[in-house]
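Read through the structure below, which is laid out as C-alpha cells, and then see the notes.
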2 protein chains.
Amino acid sequence: MEFKEAKNKFVQTWGALGSQWGINKTMAQIHALLMVSNEPVSMEDIMEELQISRGNASMNLRALMDWGIVYKEYKAGERREFFTAEKDLDELAVKIARERSKREIKPALKILKEVSSIEAKESSEEEKHFVDQTSKLYDFVLKADNMLDKMTEFNENWLGRLVLKIMK
Amino acid sequence: MEFKEAKNKFVQTWGALGSQWGINKTMAQIHALLMVSNEPVSMEDIMEELQISRGNASMNLRALMDWGIVYKEYKAGERREFFTAEKDLDELAVKIARERSKREIKPALKILKEVSSIEAKESSEEEKHFVDQTSKLYDFVLKADNMLDKMTEFNENWLGRLVLKIMK
DNA sequence: ATAAAGTTTCATTTATTTTTGAAAGTTTAA
DNA sequence: TTAAACTTTCAAAAATAAATGAAACTTTAT
C-alpha cells in the first residue's frame with residue numbers, strides 16, 4: 001500500500017466511524033485529513049481532496065472549531081485561511097468528552113431527574129418500578145459523567161495513568 | 001407531571017439520545033419502554049405505545065436481542081411472545097461496550113494498523129507525519145479499548161469501583 | 001393435515017440528514 | 001471607496017436511513 005492509498009483509507013475509515021457515533025461523515029473526514037497533515041490546509045485543498053462543496057466544507061469546519069478540535073491559522077502574506085487539527089490525542093479525547101457531556105449528557109440528566117421525581121403516592125407497582133428504575137439510571141449516568149470530568153482533570157496522559165490504576 | 005406523561009418523556013428522551021449516538025430512534029425507544037416496565041411486554045403493546053408498525057417493532061426487537069440487552073420471554077398458557085430489557089445498568093453498560101468494541105472499534109483498529117504500516121522509506125515529511133500520527137492513534141485506541149475490556153472484567157458495580165480508584 | 005395465531009422479511013415509501021450552489025457578506029490592499 | 005479574493009449562509013436538491021405493510025413463513029392446537 002502506498003501513501004496516497006493509505007491516507008485515503010484512513011480518511012474513509014474515520015468518516016465511517018464518525019457516522020456510527022453520530023458525527024456526520026464529512027465532519028469526521030475533514031478532521032481525519034487535518035489530523036494527518038503535517039501542515040495547515042486551506043479550504044480549497046480540503047474541498048479538492050474530499051470532493052465536497054465549498055458550503056459543506058465551510059459549515060463542517062465551523063462545527064469542528066465549535067467543538068474546539070480544529071483551529072484556524074493565518075499564514076504570513078497569505079490572504080486565505082488555513083486549518084489545523086488538535087493532534088494531541090489526550091487533549092482531543094478530553095475535548096470531545098466535554099462537548100458531548102455538555103450537549104447531550106447534561107440535558108438528558110435534567111430530564112431523568114424530572115421524570116424520576118413524579119409524585120409516586122398513588123403508586124401502583126408499575127409507577128414504583130418506573131421511579132425506581134429512572135432514579136437508578138439518573139445515578140448511573142451522573143456517576144459516569146462525573147467520572148469523565150475527573151478524567152479530564154487528570155490532564156496529561158490521563159488514559160495511560162488510568163490504565164495503570166485499573167491494572168493495579 | 002403524572003406517570004403517563006413522565007413515561008412518555010423518558011421514552012422520547014432516550015430515543016433522542018440514542019440517535020445522537022448512532023442508535024436508531026425506535027430501537028432506543030423500545031429499549032426505554034422495556035426498561036421501565038415492571039413486567040414483560042408483548043409486541044402488540046409495544047406497537048401500540050410507540051405507534052409503530054409490526055415490521056419495525058419486529059426488526060428492532062431482533063436487533064436489541066442481538067445486542068444482548070433485550071430478552072424474549074414466554075408466559076405459561078400464552079401463545080404470544082413477551083419481551084424484557086436487561087435492567088441491571090452495570091450489565092447493560094458492559095454489553096453495550098462489548099458490542100460496540102466488537103462491531104466498530106476492532107475493525108477500525110485493524111485498518112489503523114494497516115495504514116500505519118506503509119513502507120515509509122521514500123519518506124517525505126508528510127509521509128513521516130502520517131505514519132507517526134496513525135501509529136499514535138492506533139496505540140491510543142488500543143489502550144482505550146483494552147481499558148473497556150478491563151472494566152467489563154471488574155464485573156459487579158465496576159463503575160462505582162472505578163470512581164473510587166480515580167478519586168483516590 | 002389444517003387453520004388460526006403469531007412472527008419475520010423485504011421491496012417500496014416516507015422521513016431525516018446531509019450536501020450543494022449561488023447569493024450575500026467580509027476583509028484587505030491599493 | 002472600490003473591487004478582488006475569499007468565506008458564510010441557507011433554501012432547495014440529493015443522499016441516506018428508517019418505517020411501513022402485505023406476503024411469506026412458523027408454530028401450535030385440534
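Chain identifiers are assigned alphabetically (A, B, ...) following the order of the sequence lines, protein sequences preceding nucleic acid strands; residue numbering begins at 1 within each chain.
The shortest side-chain heavy-atom distance between A:Thr84 and A:Val70 does not fall under the 4.5 Å cut-off.
For the pair A:Met59 CE and C:dT19 C1', the computed distance is 10 Å after rounding to whole Å. Rounding to whole angstrom units, CZ of residue A:Arg62 and C1' of C:dT19 are separated by 18 Å. For B:Met47 and C:dG6, the CE to P distance is 12 Å, given to the nearest whole Å. As a whole-Å value, the separation of A:Asn60 CG from C:dT19 P is 6 Å. The CZ atom of B:Phe82 sits 12 Å away from the C1' atom of C:dG6 (whole-angstrom rounding). Rounded to an integer number of Å, the gap from CG of A:Leu50 to P of C:dT18 is 16 Å. When the P atom of C:dT7 is taken as reference, atom CD of B:Glu73 falls 14 Å away, rounded to whole Å. Atom CZ in A:Arg54 sits about 15 Å away from atom C1' in C:dT19, given to the nearest Å.
With A:Lys95 contributing its side chain and A:Gly68 its backbone, the two residues share a donor-acceptor pair below 3.5 Å.
For the residue pair B:Asn60 and B:Thr26, no side-chain donor N or O sits within less than 3.5 Å of a side-chain acceptor on the partner.
Taking only side-chain atoms of A:Asn24, from C-beta outward, the nucleotide of C:dT20, C:dT8, C:dT19 with the closest atom is C:dT19.
For the residue pair B:Leu112 and A:Phe10, the shortest heavy atom distance occurs at CD2-CE1, 3.7 Å.
Nearest-nucleotide assignment on DNA chain D puts the 5′-proximal partner with A:Glu78, out of A:Glu78 and A:Ser19. The 5' end of DNA chain C is approached more closely, in terms of each residue's nearest nucleotide, by A:Ile23 than by the other of A:Gly55 and A:Ile23.
Residue A:Asn56 is classed as a base contact, given a heavy-atom separation below 4.0 Å to a base. Within the 4.0 angstrom heavy-atom criterion, base atoms lie near B:Arg79. Among the atoms of the strands shown, only primed sugar atoms or phosphate atoms (P, OP1, OP2) are found under 4.0 Å from some heavy atom of B:Glu81.
A sub-4.0 Å separation between OP1 or OP2 of C:dT19 and a side-chain N or O of A:Thr26 is present.
Ion pairing between B:Asp145 and B:Lys106 holds under the 4.0 Å rule for side-chain N and carboxylate O.
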**salt bridge (Lys or Arg N to Asp or Glu O under 4.0 Å) assessment of B:Glu44 paired with B:Arg80** = CA-CA 9 Å; B:Glu44 212 65 47; B:Arg80 290 176 302 167; 5.9 Å; no

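Geometrically, B:Arg100 does not engage B:Trp67 in a cation-pi contact, judged by NZ or CZ lying under 6.0 Å from the ring centre and within 45° of the ring axis.
Nucleotides of DNA chain D with any atom under 4.0 Å from a heavy atom of chain A span, from 5' to 3', D:dA4 to D:dC10.
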